[in-house]
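What follows is a single structure, written as structure tokens, with notes after it.
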Amino acid sequence: MLTLESKIFWQSTEEVARELLGKYLCRESQEGLVYGKIIETEAYLSEDDPACHSSRGITRRNTNMFGPPGKAYIYFIYGKYFCFNVVTGAEGTGEAVLVRAVEPIVGLDIMKQRRGSNLGRYHLASGPGKLCQAFAIDKSLDGHDLLEKPLYLADNSIEDDRMRIIATPRIGISAAQDKLLRFIVSGSKYLSRR
DNA sequence: GTTAAGATCTGCT
DNA sequence: GCAGATCTTAACG
């Protein structure tokens with residue numbers, strides 16, 4: 001496992017969203033190490049994208065979205081859940097990639113405990129709220145540098161998997177539903193939806 | 001101060 | 001497949 005190189009973040013947001021597929025999300029804590037493979041992402045843009053939190057300017061919630069790329073943007077939603085984003089674009093731009101689903105690889109017992117019920121592996125991190133529970137991601141990590149412990153992105157240079165990536169409309173939004181900005185590893189059993 | 005909506009999930013039908 | 005939970009956030013007055 002190698003920590004990602006920071007240059008990965010200096011591409012367009014759509015490219016980063018594609019690039020993150022197949023990479024690893026790692027979380028260290030007192031309970032132990034947990035990680036999994038990212039298999040579903042969504043891009044949120046600053047131009048012509050009313051579904052993006054930054055579309056109406058900078059607010060208390062989205063401040064970190066306007067910060068430098070490679071940091072976390074984490075927010076609370078629906079009274080219960082957190083969503084985890086990777087900030088993209090130069091400082092002041094206001095773009096990000098939402099990580100929607102992860103294939104659990106290591107630490108499944110810890111994830112089950114955090115999720116609070118006896119769930120099978122396909123349901124541990126198959127959605128933005130679920131993966132934040134499984135990885136113990138909350139507001140305290142908002143703005144965290146994603147090349148540093150305890151929450152970081154990594155690559156596995158040994159692995160050679162050919163994945164087919166397809167683009168679909170984003171999930172759960174009411175604006176800009178026509179844009180194909182959701183990227184998934186086709187055929188994965190760990191997606192939030194097909 | 002008040003209100004409406006939300007990048008969701010779970011449980012029930 | 002669908003309704004309800006749940007409460008922060010942001011917009012408005």
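Each chain gets a letter, A, B and so on, in the order the sequences are listed, and its residues count up from 1.
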**Study point:** Distance in angstrom units between K139(A) NZ and dT9(C) P, rounded
**Key:** 6 Å

Review point. Does NZ or CZ of R18(A) fall inside the cone over F183(A)'s six-membered ring, less than 6.0 Å from its centre and within 45° of the axis?
Key: no

Review point. Is dT6(C) paired to anything, Watson-Crick or G-U wobble with both distances less than 3.5 Å, and if yes, which nucleotide?
Key: none

Review point. If you look at every heavy atom in P150(A) and H144(A), which pair is closest and at what distance?
Key: CD-CE1, 3.7 Å

Review point. Taking Q133(A) for the side chain and K130(A) for the main chain, is one N or O donor matched with an acceptor at less than 3.5 Å?
Key: no

Exercise for review: Nearest whole angstrom, please: distance from the C1' of dG6(B) to the CZ of R170(A).
Suggested key: 15 Å

Exercise for review: Using only heavy-atom distances, decide whether a donor-acceptor pair under 3.5 angstrom links the side-chain of Y75(A) to the base of dA7(B).
Suggested key: yes

Practice item. Would you mind reading off the distance between I58(A) atom CD1 and dA11(C) atom P, rounded to a whole angstrom? Key: 13 Å

Practice item. Let me know, please, whether L119(A) or G79(A) comes out on the 5' side of the other along DNA chain B by nearest nucleotide. Key: G79(A)

Practice item. Give a yes/no answer on whether the side chain of R60(A) brings an N or O atom under 4.0 Å of OP1 or OP2 in dT9(C). Key: no

Review point. Between D142(A) and I74(A), is there a donor-acceptor pair closer than 3.5 Å when you use the side chain of the first and the backbone of the second?
Key: yes

Check your understanding: Is L98(A) touching bases, backbone alone, or none of the nucleic acid, heavy atoms closer than 4.0 Å?
Key -> base

Review point. Taking the side chain of K80(A) as its heavy atoms from C-beta onward, which of dT6(C), dA10(C), dG6(B) lies nearest to it?
Key: dT6(C)

Exercise for review: May I have the distance from N64(A) (atom CG) to dT9(C) (atom P), rounded to whole angstrom?
Suggested key: 13 Å

Practice item. Evaluate whether the aromatic ring of Y44(A) and the six-membered ring of the dA7(B) base sit under 5.5 Å apart, centre to centre, with an inclination under 30°. Key: yes

**Study point:** Under 4.0 angstrom between S174(A) side-chain N/O and dG6(B) OP1 or OP2
**Key:** yes

Practice item. For dA7(B), give its Watson-Crick or G-U wobble partner with both distances under 3.5 Å, or none. Key: none

Review point. Are the ring of Y78(A) and the base ring of dT8(B) both nearer than 5.5 Å at their centres and tilted by less than 30°?
Key: yes

Check your understanding: Counting side-chain heavy atoms from C-beta on, which of dA7(B), dA11(C), dA10(C) comes nearest to R56(A)?
Key -> dA11(C)

**Study point:** Heavy-atom check, side chain of V102(A) versus side chain of F135(A), under 4.5 Å
**Key:** yes

Practice item. Measure from the side-chain heavy atoms of K130(A) and tell me the nearest of dA7(B), dC9(B), dA10(C). Key: dC9(B)

Review point. So, the side chain of E40(A) versus the backbone of S192(A): is there a donor-acceptor pair under 3.5 Å, distance only?
Key: yes

Review point. What integer distance in Å separates L124(A):CG from dC9(B):P?
Key: 13 Å

Study note, to complete from the structure: Taking dT10(B), dA10(C), dT8(B) as options, the one with an atom nearest any side-chain atom of P128(A) is dT8(B)

Check your understanding: Are R100(A) and dT8(B) close enough that a side-chain N or O sits under 4.0 Å from OP1 or OP2?
Key -> yes

Exercise for review: Verify the contact: side-chain N or O of R115(A) to OP1 or OP2 of dT10(B), cut-off strictly under 4.0 Å; return yes or no.
Suggested key: yes

**Study point:** Whole angstrom value for the distance that separates P of dT9(C) from CG of N62(A)
**Key:** 12 Å

Revision key, fill the gap. Which of dA7(B), dC7(C), dT6(C) is nearest the side chain of F76(A)? It is dC7(C)

Check your understanding: What's the CD1-P distance between I74(A) and dT8(B), to the nearest Å?
Key -> 16 Å

Exercise for review: Could you tell me the separation between the CD1 atom of I77(A) and the P atom of dT9(C), rounded to a whole number of Å?
Suggested key: 10 Å

